[in-house]
Protein chains: 2
Amino acid sequence: MPPGRPRAFDPDVALDAAMLLFWRHGYEGTSLAALTAAMNINTPSLYAAFGTKDQLFQKVLERYLQNPASYLPNALKEPTARKAVQKLFDGAVHMVAHARHPDGCLLVQGALAAGPAAAAVRQQLADTRRRAQLALQRRLERAVTERDLPPHAHPQKLARFLITILWGMSVQAAGGASRRELDEIAAMALESLPN
Amino acid sequence: MPPGRPRAFDPDVALDAAMLLFWRHGYEGTSLAALTAAMNINTPSLYAAFGTKDQLFQKVLERYLQNPASYLPNALKEPTARKAVQKLFDGAVHMVAHARHPDGCLLVQGALAAGPAAAAVRQQLADTRRRAQLALQRRLERAVTERDLPPHAHPQKLARFLITILWGMSVQAAGGASRRELDEIAAMALESLPN
DNA sequence: CCAATTCTGTAACGATCCCTAAAATATCGT
DNA sequence: ACGATATTTTAGGGATCGTTACAGAATTGG
């Protein structure tokens, strides 16, 4: 154990509490007072451990991608494009339906539109969304070269379309869509895959 | 002309300026200081003419639905379901592509996730989104009774799916999607209509 | 010209925003 | 036990938040 007074909190537990707040109320809608209350730490402890609000959000985002949003890279490992997309949407619905999770996706709810103070966070989320789309595109391109998808399939347009539906489902979830409704949307999205 | 000192500004012009700000930066991301600066009026004038920030947003929302978002009810007046949906997505893309308009749809960008202070606005936008979806659903139901859509078509699921794509396009626009990309998404959405 | 009315401009209110300085506390190695 | 180190607690700073009081300015009808 390093010298000095030991931490009275688990950084990962505190980070999870912060993630839930940012996820539910967005970056701008989450105050530091609300964060410290949910994380059960005082403001200086937060700053010592995680830095400013921006930097805390960055750490939350990294954790989000690794922990609840890992369904995306995992789904792309499926052997066929159809199974990959199926698992992708199943994973998304499963994540949102998780009782303890807020509605929607942090990449969308975090900061879709924001004021000047949150412009950096907003841009970072947009970049992350684009990376997700690109990952799906690469997987579909691979499927074409593997004769898994027909040669006339258009991976870029297809990935863009499917990811658009995914973000749209996040908006629907924010509006209170039920799991059954999200499942039916996902099923219809699957039908846009060429045979 | 009523007695008293006349207004030095046009309420509709001021409302348009407020709409652009709310649209671009969201409800929480738009401060009253930014509003008064863009509207070229002082704070007491704003409160006298439009009430509190919530009430101003409500008036902006009404104006948004009448002025740039009227493409939705207009599209539903088309004689066939296919033409209606086509005009719906064309109108959406056209609105977003308008140079002076922010990216996306105010119903999505306005307050998708928000803090406690903006909970009412958030709920109001969710309700408005749901009404839009219901309007499309009613139009598709009419198309089924008119033998315009096949009897096995499912208006509720179909409307939900198409509107999900529409909200997803708003997220894509917020991420910097080009008009061409949005057009291609719209074209793929049209293919989900049954023959 | 005057009273009544309504808007405008200046100023400021309390609350909350994000962030930090300083002192007290708890562990380390010696 | 003691200095060194790192965290906690308490307290508050400067800025901005949404909102409003108040006095001056511009119009009305008489």
Side-chain angles (χ1 to χ4, degrees), chain A residues 1-15 17-18 21-22 24-61 110-111 113-122 124, chain B residues 1-15 17-18 21-22 24-61 110-111 113-122 124:
Chain A
M1 186 186 288
R5 179 173 179 170
R7 277 218 179 88
F9 64 95
D10 181 345
D12 284 339
V13 173
L15 219 49
L21 273 192
F22 280 133
R24 184 179 305 280
H25 297 121
Y27 179 80
E28 287 179 324
T30 305
S31 69
L32 276 161
L35 283 168
T36 53
M39 300 164 85
N40 260 319
I41 60 177
N42 296 319
T43 329
S45 297
L46 189 154
Y47 275 83
F50 306 108
T52 69
K53 193 186 178 186
D54 287 15
Q55 296 167 330
L56 168 63
F57 185 86
Q58 156 107 12
K59 291 178 172 61
V60 161
L61 176 58
V121 168
R122 184 190 122 100
Q124 188 180 14
Chain B
M1 185 185 285
R5 178 173 179 170
R7 275 216 180 90
F9 63 95
D10 182 344
D12 283 339
V13 173
L15 219 48
L21 273 192
F22 280 133
R24 185 180 303 280
H25 297 121
Y27 178 81
E28 287 179 325
T30 305
S31 69
L32 274 157
L35 284 168
T36 54
M39 301 164 86
N40 259 320
I41 61 178
N42 294 320
T43 331
S45 297
L46 189 153
Y47 275 84
F50 307 108
T52 68
K53 191 185 180 188
D54 287 15
Q55 296 167 330
L56 169 63
F57 185 85
Q58 156 108 9
K59 291 178 173 60
V60 161
L61 176 58
V121 168
R122 184 191 122 103
Q124 187 179 15

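Quick note on labels: first sequence line is chain A, next is B, and so on, each numbered from 1.
When every heavy atom of Met39(B) is checked against every heavy atom of Leu15(B), the shortest pair comes out as CE-N, 4.5 Å. Here the closest heavy-atom approach between residue Ala38(A) and residue Ala17(A) is recorded as O-CB, 3.6 Å. Residues Gly29(B) and Pro116(A) approach most closely at O-CD, 4.3 Å, considering heavy atoms. Nearest approach of Ala114(A) to His25(B), heavy atoms of both residues: O-CD2, 3.0 Å. Between Ala113(A) and Gly26(B) the shortest heavy-atom distance is CB-N, 3.8 Å.
Asn40(B) pairs by the side-chain hydrogen bond (donor to acceptor under 3.5 Å, both in side chains) definition with nothing, not counting sequence neighbours. Applying the side chain to side chain contact (heavy atoms under 4.5 Å, CB included) rule to Ala34(A) yields the partners Leu21(A), Ser31(A); only residues at least two apart in sequence or on another chain are considered. Remark: Asn42(A) engages no residue in a side-chain hydrogen bond (donor to acceptor under 3.5 Å, both in side chains) (not counting sequence neighbours).
The distance from atom CG of Leu61(B) to atom CD of Gln124(B), rounded to the nearest 0.5 Å, is 5.5 Å. The distance from the CD1 atom of Ile41(A) to the OG1 atom of Thr36(A) is 7.5 Å, given to the nearest 0.5 Å.
Of the possible donor and acceptor atoms, one in the side chain of Glu28(B) sits under 3.5 Å from a partner among the backbone N and O of Gly115(B).
Residues of residues 47-59 of chain B having a heavy atom closer than 4.0 Å to DNA chain D, listed by number: Tyr47(B), Thr52(B), Lys53(B). Across residues 114-121 of chain B, not one residue has a non-hydrogen atom less than 4.0 Å from an atom of DNA chain C.
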5' to 3', nucleotides 21-30 of chain D under a 4.0 Å protein heavy-atom cut-off (B base, S sugar-phosphate only, - none) gives B--BBBBS--

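Using a 4.0 Å heavy-atom distance criterion, Thr30(A) is classed as a sugar-phosphate-only contact.
Atom CG in Leu46(A) sits about 13 Å away from atom P in dT7(D), given to the nearest Å. One atom, CG of Leu32(B), and another, P of dT19(D), lie 6 Å apart when rounded to the nearest Å.
Put simply, chain A comes within 4.0 Å of DNA chain C, heavy atom to any atom, from dC17(C) to dC28(C), going 5' to 3'.
Taken together, the paired segments of DNA chain D that extend over three or more consecutive Watson-Crick or G-U pairs, each closer than 3.5 Å at both contacts, are C:1-30 with D:1-30.
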Solution key, residues 49-57 of chain B side-chain donor-acceptor pairs under 3.5 Å, sequence neighbours excluded:
unit_1   : atom_1 : unit_2   : atom_2 : d
Thr52(B) : OG1    : Gln55(B) : N      : 3.4
Lys53(B) : NZ     : Tyr27(B) : O      : 3.0
Lys53(B) : NZ     : Thr30(B) : O      : 2.9
Asp54(B) : OD1    : Tyr27(B) : OH     : 2.1
Gln55(B) : OE1    : Thr52(B) : N      : 2.8

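Among residue pairs with one or both ends in residues 2-12 of chain A, those qualifying as salt bridge (charged side-chain N to carboxylate O under 4.0 Å, His left out) are Asp12(A)-Arg63(A); sequence neighbours excluded.
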